[in-house]
Amino acid sequence: MSWLTSVGIPQGILGDPEGEDETGVVRRGGEFVSLDSADYELWLFLLVPLPLATIVETAARREWLHPEATTKRLLERGLLVEIGPGEALGPGLDQLRPLPLGIGIGNTPSAPKEFRLQSADRSLPRPVVLDPIGVMLWWECDGASPLGEISSRVAARCPQLPPAALDQVTVGFARDLMANRLLYLDSPPRGSAAGG
């Protein structure tokens, strides 16, 4: 089952002096994209990956109109991507750049193989714990490298892991960190080697 998650970095809401029209702004691949306030609200909501059924259920409670049409529109504009458990890095997803939002706070003598991440401004009740493969993926998140390249670098250091399996771990890593608000996914800038 695929989940949907946002692509880009929130930039806030712009309003006219009369306060009648509001526009949400997303920075994607170094460019600004304007959204009407309803689309922007759903886009913000999906900074945490969710299945479509949950989106539709939440939309009914929040009185959002036409969530399926909105998600389709956001997908067509490259502002959402499908990401799910057990999925491999497919075309498009492999080119997205993970932008870390937290900091590594290390490990402890009692758990030397667990590495912890935290972000005080994201109000995490406790650190997120990464296993050794997750730590290697985290170390590669420099804000410029796409997920496919990150997975390849870690695969080169761990030849005992099949690359396809590591791709699946990379997808789960990105989804789980986004669920804990420790990561944004962004498009490569236009004209970059990753963006073609």
Side-chain angles (χ1 to χ4, degrees), residues 2-50 52 55 58-59 62 64 66-84 89-104 117-124 128 137-151 170-171 173-196:
S2 290
W3 295 21
L4 293 171
T5 196
S6 298
V7 174
I9 303 161
Q11 299 297 296
I13 296 176
L14 301 175
D16 66 20
E18 304 298 321
E20 293 180 17
D21 292 323
E22 292 184 337
T23 302
V25 181
V26 175
R27 190 176 83 217
R28 185 197 62 215
E31 298 179 353
F32 293 102
V33 180
S34 298
L35 298 173
D36 69 37
S37 57
D39 285 8
Y40 187 65
E41 186 176 0
L42 182 60
W43 181 89
L44 282 174
F45 182 68
L46 289 174
L47 285 170
V48 172
L50 293 170
L52 184 59
I55 297 166
T58 302
R62 298 185 77 152
W64 289 338
H66 315 294
E68 293 97 337
T70 301
T71 55
K72 181 180 177 189
R73 199 165 43 248
L74 292 171
L75 280 163
E76 289 169 352
R77 294 186 73 184
L79 293 167
L80 290 182
V81 67
E82 292 185 37
I83 186 170
L89 280 170
L93 185 57
D94 65 336
Q95 295 301 309
L96 294 178
R97 300 174 300 134
L99 306 175
L101 301 173
I103 58 169
L117 304 177
Q118 182 63 283
S119 180
D121 64 336
R122 302 282 175 225
S123 302
L124 289 176
V128 171
L137 291 167
W138 174 258
W139 286 338
E140 295 293 338
C141 292
D142 58 10
S145 302
L147 285 169
E149 187 178 313
I150 289 169
S151 184
T170 302
V171 171
F173 163 84
R175 192 203 70 211
D176 292 347
L177 289 190
M178 290 187 79
N180 284 287
R181 300 183 184 275
L182 287 169
L183 196 73
Y184 288 143
L185 287 178
D186 194 16
S187 299
R190 278 195 186 173
S192 70

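Heavy-atom basis, side chains included; hydrogens, waters and symmetry copies ignored.
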Salt bridge (Lys or Arg N to Asp or Glu O under 4.0 Å) involving D186 - partner list, sequence neighbours excluded: R97
CD1 of I150 to CG of L96, rounded to nearest 0.5 Å, is 10.5 Å
What distance separates E41 CD from L46 CG, expressed to the nearest 0.5 Å? 11.0 Å
How long is the gap from CD1 on I55 to CH2 on W3, to the nearest 0.5 Å? 10.5 Å
What residues, two or more places apart in sequence or in another chain, satisfy salt bridge (Lys or Arg N to Asp or Glu O under 4.0 Å) together with E149? R153
Working to the nearest 0.5 Å, report the span between OG of S6 and CD1 of I83. 11.5 Å
Identify, with sequence neighbours excluded, every residue that meets side chain to side chain donor-acceptor pair (under 3.5 Å) alongside T170. S151
Rounded distance [0.5 Å steps], CD1 in I103 versus CG in L117: 9.0 Å
Scan the side chains in residues 29-36 for donor-acceptor partners under 3.5 Å anywhere in the protein, sequence neighbours excluded, and list what turns up.
from: D36; atom 1: OD1; to: A38; atom 2: N; distance (Å): 3.1
from: D36; atom 1: OD1; to: D39; atom 2: N; distance (Å): 2.8

In short, L182 meets W138 closest at the heavy-atom pair O-CZ3, 4.2 Å
Can any side-chain N or O of N180 pair as donor or acceptor with the backbone N or O of M178 at less than 3.5 Å? no
Going by the side-chain contact (heavy atoms from CB on, under 4.5 Å) test, name the single residue among T5, I9, V7 that passes it with Y184. I9
Residues in side chain to side chain donor-acceptor pair (under 3.5 Å) with D176, at least two apart? none
Any side-chain heavy-atom pair of P98 and L147 under 4.5 Å: yes
Could you list the residues that satisfy side chain to side chain donor-acceptor pair (under 3.5 Å) with T70, not counting sequence neighbours? R73
If you take all heavy atoms of F45 and L50, which pair is closest and at what distance? CE2-CD1, 3.3 Å
Return the set of residues passing side chain to side chain contact (heavy atoms under 4.5 Å, CB included) with L44 (not counting sequence neighbours), or none when no residue passes. P10, Y40, L47
Shortest non-hydrogen contact between R27 and Q11, atoms and distance: N-CG, 3.6 Å
Hits for side chain to side chain donor-acceptor pair (under 3.5 Å) against E82, two or more places apart or cross-chain, chain-then-number order -> S2
Set of residues satisfying side chain to side chain contact (heavy atoms under 4.5 Å, CB included) with respect to L75, sequence neighbours excluded: L4, L80
